Every structure is written in structure tokens, then in C-alpha cells.
S.K.: 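One structure is given below, represented as C-alpha cells, and several questions about it will come after.
In this text, all values refer to a predicted model and were calculated from it rather than measured experimentally.
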Amino acid sequence: MRLVDTATWAPGTYLHRLAPAARDSLRSMTPRRRAAPGDVLISQGARDRHVILLHTGISKVTVLTSEGVESLLAIRVGGDLIGEMSALNDLPRSATATACTPMTYSVIGRAQLRAFLEQQPSAALALAGMVADRLRWANQFRVDFTAYSAKVRVARVLVKIALAYGRRTPTGLEIGFELTQSELASLCGAAEVTVQKSLRDFRRAGLIVTGYRTVTVVDLEGLQQAAEL
């Protein structure tokens, strides 16, 4: 039966890449579950092999380094697939996925995913494209770390997150999830004190407005200039 798809999936998410029939098939494959902020969806080092399909909400992907420091790797939103690497390469989980907001999601077993990809060749190509884009995104961050100052990197990350996951408000693009300064520092590869100074400079320049764990981009063009984009 055809699902009524009223959601607007963010560009780059897996559901956005799929044809309607494949999207319906994947979304109806297993019952939906709910998660509250702070709930762990996938744990680093675990040997399970299922994937998580996000329907609504926002999740963060983190990794615990050998020094015992938690590093933020990525943000995932409704329409995204999480945990695909372990499902494909049969290795332990390389990161932890935690709910940032109330969310709904589905747990899709490895065998179910593989059967789906075999029946939907275009979905397999879409998955390959998603993995390639994530690798390109990670590589771009490595380039940014060496080619740009920390302040420029902070601006670049804010622009990317605001465009991908921001919600339009009367004052600008509000990042639709809690983002601590330590998490932002982890994404930017910068010291937390540097992030604090950069945010303060951007506020004074009228580029952003900050609240408790919130950031609203009020001058996107100005922030893009600060990001050298």
C-alpha cells in the first residue's frame, strides 16, 4: 500500500535519494519506535549489525578517542540512515549515535536491508552515493583543518549546519537542535576557548544570535563571507 509521504526529506538524506516506491518499502519495513533526548541508538564497539532509519528528529554521531575524549563526528536528521557501515562490512560499530531531540525511528535488520537492496538496485546505488558523500564531507573537513584558521572553520560549520538542518524563524535560520560549545569545537577541530571567542565575534558583528545551547544565523551572507565561502 502506498504511504502518504508529506515529509520533506533534507537533501543528502537517504530517503531523499530514493524513488517513491523504494522509499515506501523501506519506511514500512518495520514498526516505528520512539526515542527521547539522550537515548543511545547505536553504541561504539557493539557487534550488532542492524541499521537505524530516522523518520523524525535529530541524532548526533560521536566517537570516544583513545584518550577518553568524546568527539562529535556528524549530525543525522529525519530521512538519514545510521549504522550502515557495520551492516555492510561486518565490523563492530565505529561510533555512537545518540538522540538529540524526541525522535521516531525504525530498526532494520541486516538481512532485511540486504534483501531490500537486492530487490531495489536503485536503492543500492543511492546507498553507495550516500556513503560517498559522507566520505567526501569528512575529507573536506580534513582539508578545512589544514587550509583555514579556526575562526573560519567555525563559520563554515555553522553555515553548513544552518543550511542543512536550520529552521526558518522570524530572526533567521535557527539550528534545530542543542549544540554545545564543546560539540561545536569537536566538529571544527578547534579549542573550546577559540570557539567561544569566534561566537562572540560573530555575535558582535550581527551574524548570529546565541541562547542556551542554541545558535540562530541572522545574517547568512555575512557568515558565508566570514567562512570564505
Side-chain angles (χ1 to χ4, degrees), residues 7-17 37 54 56-63 69-80 97-103 129-130 132-229:
T8 300
W9 308 108
T13 61
Y14 189 52
L15 289 184
H16 181 268
R17 297 168 183 268
L54 302 185
T56 62
I58 298 170
S59 171
K60 65 179 179 180
V61 181
T62 59
V63 63
V69 178
E70 187 180 73
S71 179
L72 180 64
L73 297 181
I75 302 295
R76 300 289 179 244
V77 300
D80 268 326
T98 307
C100 295
T101 66
M103 60 192 313
M130 183 194 74
D133 282 350
R134 289 179 178 180
L135 178 59
R136 183 181 296 109
W137 195 79
N139 288 339
Q140 184 59 52
F141 267 107
R142 294 189 183 96
V143 172
D144 288 352
F145 291 160
T146 58
Y148 299 98
S149 68
K151 186 175 181 178
V152 172
R153 296 200 303 269
V154 173
R156 283 181 167 239
V157 168
L158 288 176
V159 168
K160 290 179 180 179
I161 292 178
L163 289 175
Y165 310 125
R167 58 175 175 239
R168 180 67 61 181
T169 70
T171 55
L173 278 174
E174 179 184 355
I175 294 175
F177 56 91
E178 290 188 354
L179 183 66
T180 67
Q181 291 185 354
S182 61
E183 290 170 341
L184 182 57
S186 177
L187 264 182
C188 300
E192 190 171 345
V193 64
T194 302
V195 170
Q196 292 172 353
K197 182 179 183 302
S198 299
L199 293 177
R200 185 168 60 248
D201 291 345
F202 296 152
R203 283 197 303 268
R204 289 173 176 170
L207 305 180
I208 65 171
V209 173
T210 59
Y212 178 67
R213 294 188 174 185
T214 64
V215 178
T216 301
V217 178
V218 296
D219 183 353
L220 180 60
E221 183 177 351
L223 190 61
Q224 288 173 321
Q225 292 177 355
E228 299 183 12
L229 293 171

S.K.: Using the side-chain contact (heavy atoms from CB on, under 4.5 Å) rule, take Leu54 and Met103 through it: C-alpha gap first, then chi angles, then the decisive distance, then the call.
M.R.: CA-CA 8 Å; Leu54 302 185; Met103 60 192 313; 3.2 Å; yes
S.K.: Residues in side chain to side chain contact (heavy atoms under 4.5 Å, CB included) with Ala205, at least two apart?
M.R.: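 By the side chain to side chain contact (heavy atoms under 4.5 Å, CB included) rule, Ala205 matches Leu207.
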S.K.: Do you know the tightest heavy-atom contact between Tyr14 and Asp80?
M.R.: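 So the two residues come closest at N-OD1, 4.1 Å.
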S.K.: Show the atom names and distances, to 0.1 Å, of all donor-acceptor pairs under 3.5 Å that link a side chain in residues 220-229 to residues at least two apart or in another chain.
M.R.:
none

S.K.: Filter on salt bridge (Lys or Arg N to Asp or Glu O under 4.0 Å), then keep only pairs touching residues 180-195, sequence neighbours left out; what's left?
M.R.: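 Pairs touching residues 180-195 that pass the test: Lys60-Glu183.
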S.K.: Please give me the minimum heavy-atom distance between Val218 and Gly206, naming the atom from each residue.
M.R.: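 For Val218 and Gly206, the tightest heavy-atom pair comes out as CG2-O, 3.1 Å.
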S.K.: Of all residues at least two apart in sequence or in a different chain, which pass the side-chain hydrogen bond (donor to acceptor under 3.5 Å, both in side chains) check with Asp133?
M.R.: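 Applying side-chain hydrogen bond (donor to acceptor under 3.5 Å, both in side chains) to Asp133 gives Arg17, Arg136.
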S.K.: List the steps and the verdict of side-chain contact (heavy atoms from CB on, under 4.5 Å) for Val209 and Thr171.
M.R.: CA-CA 9 Å; Val209 173; Thr171 55; over 6 Å; no
S.K.: Name all pairs fulfilling the side-chain hydrogen bond (donor to acceptor under 3.5 Å, both in side chains) condition that reach into residues 197-208, sequence neighbours left out, sorted by first residue then second.
M.R.: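 Matches after skipping sequence neighbours: Lys151-Asp201, Lys197-Asp201, Arg203-Thr210.
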S.K.: Any heavy-atom pair between the side chains of Ser59 and Cys100 that's under 4.5 Å?
M.R.: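 Cys100 does not reach Ser59 side chain to side chain.
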S.K.: Minimum heavy-atom separation for Phe202 and Ala155, please, with both atom names.
M.R.: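 Residues Phe202 and Ala155, closest heavy atoms: CZ-CB, 3.7 Å.
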S.K.: If I take atom CG from residue Leu158 and atom CZ from residue Arg153, how far apart are they, to the nearest 0.5 angstrom?
M.R.: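 The CZ atom of Arg153 is 13.0 Å from CG of Leu158, to the nearest 0.5 Å.
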S.K.: Could you go through Gln181 and Val215, starting from their C-alpha distance and side-chain angles, then the distance that decides it, and tell me whether this counts as side-chain contact (heavy atoms from CB on, under 4.5 Å)?
M.R.: CA-CA 10 Å; Gln181 291 185 354; Val215 178; over 6 Å; no
S.K.: Working note: Arg76 + Ile58, criterion side-chain contact (heavy atoms from CB on, under 4.5 Å); need CA distance, chi angles, decisive distance, verdict.
M.R.: CA-CA 6 Å; Arg76 300 289 179 244; Ile58 298 170; over 6 Å; no
S.K.: Measuring only between side-chain heavy atoms, which start at C-beta, is Thr62 closer than 4.5 Å to Leu73?
M.R.: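 Contact flag for Thr62/Leu73 side chains = no.
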S.K.: Are Leu199 and Ile208 packed together at the side-chain level, in the sense that at least one heavy-atom pair is separated by less than 4.5 angstrom?
M.R.: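 Heavy-atom side-chain distance check passes, below 4.5 Å.
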S.K.: Does some side-chain heavy atom of Val157 sit less than 4.5 Å from a side-chain heavy atom of Leu184?
M.R.: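 In contact.
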S.K.: Can you give me the closest heavy-atom contact between Leu173 and Ala162, atom names plus distance?
M.R.: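 The pair with the smallest heavy-atom distance is CD1-O, 3.9 Å.
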S.K.: Find out whether Thr101 and Thr56 are in side-chain contact, i.e. whether some heavy atom of one side chain is under 4.5 Å from a heavy atom of the other.
M.R.: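 The answer is no; the side chains never approach within 4.5 Å.
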